[in-house]
Amino acid sequence: MRALQQEHVVLRVIAKMLVPMILLFALYVQFHGDYGPGGGFQAGVIFASGIILYALVFGLSAARQVLPPPVVRRLAPLGVLLYAGVGVFSLLSDRAFLDYSAIDPEHPSHGQHLGILLVELGVGITVASVMLMLFYSFAGRGRR
Amino acid sequence: MILAHYNYWVVVLLMMIGLYTVMAHGNLVKKLLGLSMFQTSVFLMFISLGKIEGGTAPILAGEGAVYSNPLPHVLILTAIVVGVATTAVGLALVVRIHEAYHTIEEHEAVKQEQRESGQA
Amino acid sequence: MSALAFDALNVFLLACLVVTGLAIARLRGLFAVAMLSGIYSLLSASVFVLLDAVDVAFTEAAVGAGMTTVLFLATFGLTRSREHAAPHQKRVPALLVAVACGGVLLVALSDMPPFGAADTPVQTDPITERYVETTHEEVGIPNMVTTLLASYRGFDTLGEVVVVFTAGIAVLMLLGRCSRERAEDES
Amino acid sequence: MFAAAMLAVATTMALALARALLGPTVYDRILALNVFGTKTVLFIAVAGFLFGRPEFLDIGLVYALINFIGTVAVLKLMHYGELGWIDGAGEHDDL
Amino acid sequence: MTFVIDGLSWCLLLAGGAFCVISGIGLFRMPDVFTRSHAAGMTDTVGASMILLGLLLQAPDWTVAVRLLLIIGFLVLTSPTASHALAQAALADGYKPLLGRRQAGRRPPRTAA
């Protein structure tokens with residue numbers, strides 16, 4: 001096992017450079033989705049892909065130390081709750097469910113903008129953590 | 001004439017290939033691949049419906065631009081992510097079937113199941 | 001010039017898509033099929049870019065290049081098997097059903113409006129007009145797809161997110177740690 | 001001139017596809033997938049310029065970053081037989 | 001000035017296109033994995049960078065230019081690495097490079113797998 005790993009020096013160096021780039025790009029996609037192509041769904045998958053690359057090159061247990069499965073399991077419902085929470089917030093301020101104008105009644109357009117940002121953040125968190133959950137479940141079930 | 005409906009011809013062809021793969025192959029992973037091919041043909045159909053000739057992507061591009069219909073894009077965008085999640089559920093089922101029957105061929109698993117129920 | 005280039009590229013990519021699909025249906029080595037499905041996803045993303053669905057192409061790029069391939073490969077790693085020849089008696093009925101379905105759809109196809117026409121029901125529907133014309137004034141975000149996804153169809157998207165979450169839980173139930181430990185305890 | 005570049009990219013895509021279909025070994029197919037990924041990046045970039053919306057290069061950027069993962073995953077699977085090293089010895093040493 | 005830039009970008013696009021086609025032909029025609037990965041990995045990087053540089057000269061504003069530069073950077077990083085890892089894995093799997101005309105078409109021994 002040890003000898004095999006030492007063969008892949010190039011792979012490890014490149015992956016070490018690439019993983020932060022992928023994670024950074026995922027954040028860019030998440031928050032630039034209003035202006036160009038992108039949004040929560042894409043950003044979540046890209047973020048998960050970055051962690052998956054890390055797991056593939058440096059080992060699954062290393063990736064599990066970066067983002068432990070219990071944390072991932074708690075993050076997945078957090079995204080859904082954030083999304084639904086925005087809706088409940090607008091319900092509580094006497095508006096329709098998911099009417100983002102409630103966030104900033106003075107400037108409805110600004111409220112819409114903020115609401116979309118929050119909702120996309122929720123989508124991104126859920127998608128990223130579910131994709132990671134899938135990868136951990138599949139990859140962790142290897143031969144013992 | 002054919003060019004006017006070319007996209008839809010391809011959609012139908014891909015749908016046929018996907019359907020054939022799902023039905024003819026006994027391998028469960030191959031069935032899932034056929035299912036995802038079928039899915040892609042539906043995606044392609046929706047996106048083709050939204051395209052306007054000479055239109056451009058639905059991101060604001062100044063005055064006088066003609067935009068393709070953004071609604072199919074929204075539907076398909078979410079469908080792709082949901083599609084990969086449901087494919088993962090299918091693959092998880094395949095893994096469990098393999099653990100139970102030590103095969104991912106449909107007819108072999110069915111045969112084992114029948115043998116066991118015959119003994120019981 | 002641009003229209004000609006569009007048509008040529010469209011025909012080329014879709015032809016490649018069909019060829020790849022046929023190869024996926026025919027080949028037996030599952031590794032080879034996984035590689036081809038990667039190419040299939042790349043091709044469909046290119047088609048989506050060509051058909052102005054930039055956000056869809058983005059999603060397909062992110063999902064198809066990384067996630068799908070990794071999931072299929074993980075399954076191959078866990079099941080490690082090669083596909084057997086399909087039982088012969090299943091092939092002919094499958095082909096018949098596929099051809100019959102395709103035939104029905106091809107007949108229905110002649111009623112479809114031509115591809116790219118601006119006067120189809122999809123394009124002239126009042127809701128489309130409202131989406132395209134007023135999103136910018138109401139929400140003030142340049143990307144209409146994001147606006148539609150998160151604001152106008154926010155309820156729909158909430159449902160999709162819940163579906164993704166449910167799928168994650170289902171996989172966790174099927175493959176998660178608890179079930180394996182239970183299986184080990186039983187054996 | 002974008003059309004000429006597009007023609008070249010499309011030709012290369014077709015050739016890579018042919019190699020992926022013919023490829024006798026798995027490695028040939030992985031190679032073809034890799035080349036096809038690069039060519040898709042080029043396709044998206046050139047198509048953006050050809051049709052006058054060059055701001056969609058983000059998609060090309062995704063492929064340039066992520067296409068690598070598929071190759072790594074397949075090579076790892078070929079090499080180790082599975083994707084995760086649960087109890088692999090000494091894998092923290094180099095971190 | 002625009003004429004010079006246009007001419008330069010013409011040349012880069014055409015040369016990059018030619019490189020791409022040659023690499024594609026190499027990928028199609030070469031006899032074994034290692035020569036094919038040579039054709040793909042080396043010419044691919046040059047062809048892709050040339051086409052993208054040609055586009056860079058036509059970029060309408062700096063955001064597009066930055067993205068093109070990033071794409072070039074990432075392709076130059078990942079494409080050769082993938083080829084390298086691939087060739088290494090093929091070698092470790094028991095495929096030996098062809099060293100002459102006679103061996104062409106021979107089924108490689110699979111001993112290490």
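Convention: sequence-line order gives letters A, B, ...; per-chain numbering from 1.
Proximity to chain C is absent for every atom of D:D28, based on heavy atoms less than 4.5 angstrom apart. Looking at C:I39, both its backbone and its side chain come within 4.5 Å of chain D, counting heavy atoms on both sides. With a 4.5 angstrom heavy-atom cutoff, D:F36 touches chain C via backbone and side-chain atoms both.
Residues of residues 118-130 of chain C lying within less than 4.5 angstrom of chain D, judged on heavy atoms, are absent. Residues of residues 46-56 of chain C that come within less than 4.5 angstrom of chain D, heavy atom to heavy atom, are C:S46, C:V49, C:L50, C:V54 in numerical order.
The CG atom of D:L17 sits 7.5 Å away from atom CG of C:L36, with the distance rounded to the nearest 0.5 Å. The distance from atom CZ of C:F6 to atom CG of D:L50, rounded to the nearest 0.5 Å, is 11.5 Å. C:F76 contributes atom CZ, which lies 9.0 Å from atom CG of D:L77 (distance to the nearest 0.5 angstrom). Atom CD of C:E60 is separated from atom CD1 of D:I59 by 11.5 Å, given to the nearest 0.5 angstrom. One distance of note links CZ of C:F31 with CZ of D:R29; it measures 12.0 Å at 0.5 Å rounding. Distance OG1/C:T69 to CG/D:L33: 7.0 Å, rounded to 0.5 Å.
Minimum heavy-atom separation, D:Y63 to C:A61: OH-CA, 3.3 Å. Across all their heavy atoms, C:F12 and D:A10 have their closest contact at CZ-O, 3.2 Å. Heavy atoms only, all atoms of each residue included: D:I66 and C:G66 are closest at CG2-N, 3.8 Å. Closest approach of D:G70 to C:L73, counting heavy atoms only: O-CD1, 4.3 Å.
Contact of the C:L9 side chain with the D:F43 side chain is registered, since non-hydrogen atoms from C-beta on lie closer than 4.5 Å.
Considering only heavy-atom pairs separated by less than 4.5 Å from chain C, the leading option among D:I69, D:L7, D:L65, D:D58 is D:D58.
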For side chain to side chain contact (heavy atoms under 4.5 Å, CB included), just list the numbers for C:L13 and D:M13, CA-CA rounded to whole Å, side-chain angles, deciding distance to a tenth of an Å, and then say yes or no. CA-CA 9 Å; C:L13 286 177; D:M13 278 172 111; 4.2 Å; yes
